[in-house]
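Mind having a look at this structure? Questions to follow.
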Amino acid sequence: IPGFGDSPPMEMAVTAQGRRTFLEHVFQELGMQRPVLVSPSMSGRFSLPFLLAHGDQLAGFVPIAPVGTKDYTAEQYQGVQTPTLVLYGDHDTGLAPQALQNLQHLPEHRVAVLPGAGHACYLDKPEAFHQALLGFLRQLK
């Protein structure tokens, strides 16, 4: 994610609109048509603005305890028809409950909780993570 970890800062990433535009460019450059967007943690700052503006361009959305869910209203989430798998580890008692509280307003959502996994549930329980993700992908149109 630009500006996080060891990646250089990027002026575009300062605003939600800039982060949404950045993702638009990534999808365009890669020639992606209706991708499934998997969004762990800090990437929520990019994925959520994109989802709310262009959710119809996604085949699916998989938020994994993303940051930034409280920045949007229940009404904004209710307007998104993108099939969503809200995924998190049951040991993530910080970000996951807040994200679920907000993301449950997405009308086309379902929830998968990985027992014994923390915030980085895909690292803690990779087999269970992949089973949940593949099950979700198989049921997409």
Side-chain angles (χ1 to χ4, degrees), residues 1-115 117-141:
I1 300 173
F4 295 98
D6 293 331
S7 65
M10 185 178 75
E11 193 166 317
M12 182 184 271
V14 173
T15 66
Q17 182 177 345
R19 292 186 295 270
R20 183 191 77 216
T21 301
F22 173 78
L23 258 188
E24 289 173 22
H25 289 285
V26 168
F27 292 148
Q28 226 170 9
E29 286 298 312
L30 294 174
M32 299 180 93
Q33 301 287 318
R34 294 190 38 81
V36 173
L37 181 55
V38 178
S39 178
S41 197
M42 291 301 288
S43 68
R45 293 267 183 231
F46 289 77
S47 66
L48 292 169
F50 185 88
L51 176 74
L52 291 169
H54 303 298
D56 59 327
Q57 294 178 19
L58 297 173
F61 179 56
V62 184
I64 306 165
V67 168
T69 61
K70 68 182 185 305
D71 296 346
Y72 304 97
T73 66
E75 292 75 23
Q76 286 175 293
Y77 287 120
Q78 288 164 355
V80 176
Q81 296 301 312
T82 307
T84 300
L85 175 64
V86 179
L87 187 55
Y88 64 94
D90 69 350
H91 290 185
D92 183 356
T93 57
L95 203 50
Q98 179 188 86
L100 178 60
Q101 183 180 357
N102 295 305
L103 295 172
Q104 70 184 348
H105 297 291
L106 291 166
E108 298 295 324
H109 85 279
R110 68 184 208 197
V111 178
V113 182
L114 303 186
H119 183 62
C121 62
Y122 42 88
L123 296 177
D124 294 342
K125 300 288 180 176
E127 203 168 301
F129 170 78
H130 287 107
Q131 284 179 336
L133 180 60
L134 290 171
F136 174 69
L137 294 176
R138 283 187 194 107
Q139 60 89 43
L140 293 175
K141 296 173 189 154

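Values below: all heavy atoms of this structure, side chains included; hydrogens, waters and symmetry mates excluded.
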Side-chain donor/acceptor of Gln139 to backbone N/O of Phe136, under 3.5 Å: yes
Interatomic spacing from CZ in Phe129 to CG in Leu87 - rounded to 0.5 Å: 5.5 Å
Minimum heavy-atom distance between Pro126 and His130, given as atom pair plus value: O-ND1, 2.7 Å
Minimal non-hydrogen separation, Phe50 against Glu24, with atom names: CE1-CG, 3.6 Å
Within-4.5 Å side-chain heavy-atom neighbours: Val113 and Tyr88: yes
Nearest heavy-atom neighbours spanning Ala117 and Asp124: C-OD2, 3.6 Å
From Tyr122 atom OH to Ser41 atom OG, the distance as rounded to the nearest 0.5 Å: 6.5 Å
From Gln78 atom CD to Glu108 atom CD, the distance as rounded to the nearest 0.5 Å: 12.5 Å
Those residues that, when tested against His109, pass side chain to side chain donor-acceptor pair (under 3.5 Å) (two or more places apart): none
Non-neighbouring partners of Ser47 that pass side chain to side chain donor-acceptor pair (under 3.5 Å), sequence neighbours left out: Ser39
Spatial distance of atom CG (Leu133) from atom CZ (Arg138) [nearest 0.5 Å]: 9.5 Å
Nearest heavy atoms of Pro115 and Lys125, plus distance in Å: O-CE, 3.6 Å
Under 3.5 Å, which donor-acceptor pairs do the side chains of residues 55-71 form with other protein atoms, sequence neighbours left out?
{"residue": "Gln57", "atom": "NE2", "partner": "His54", "partner atom": "ND1", "Å": "3.4"}
{"residue": "Thr69", "atom": "OG1", "partner": "Asn102", "partner atom": "ND2", "Å": "3.0"}
{"residue": "Asp71", "atom": "OD2", "partner": "Arg45", "partner atom": "NH1", "Å": "2.7"}

Nearest-0.5 Å distance that lies between atom CD in Gln28 and atom OG1 in Thr21: 10.5 Å
His91 to Gly118 - nearest heavy-atom pair and separation: CB-CA, 4.0 Å
Gln98 side chain to Leu95 backbone, donor-acceptor under 3.5 Å: no
Ring geometry between His105 and Tyr77 (parallel below 30°, tilted from 30 to 60°, perpendicular above 60°): parallel
Shortest non-hydrogen contact between Gly89 and Cys121, atoms and distance: N-CB, 3.7 Å
4.5 Å side-chain heavy-atom contact, Leu103 and Thr84: no
Residue from Leu106, Leu51, Leu37 passing side chain to side chain contact (heavy atoms under 4.5 Å, CB included) with Thr82: Leu51
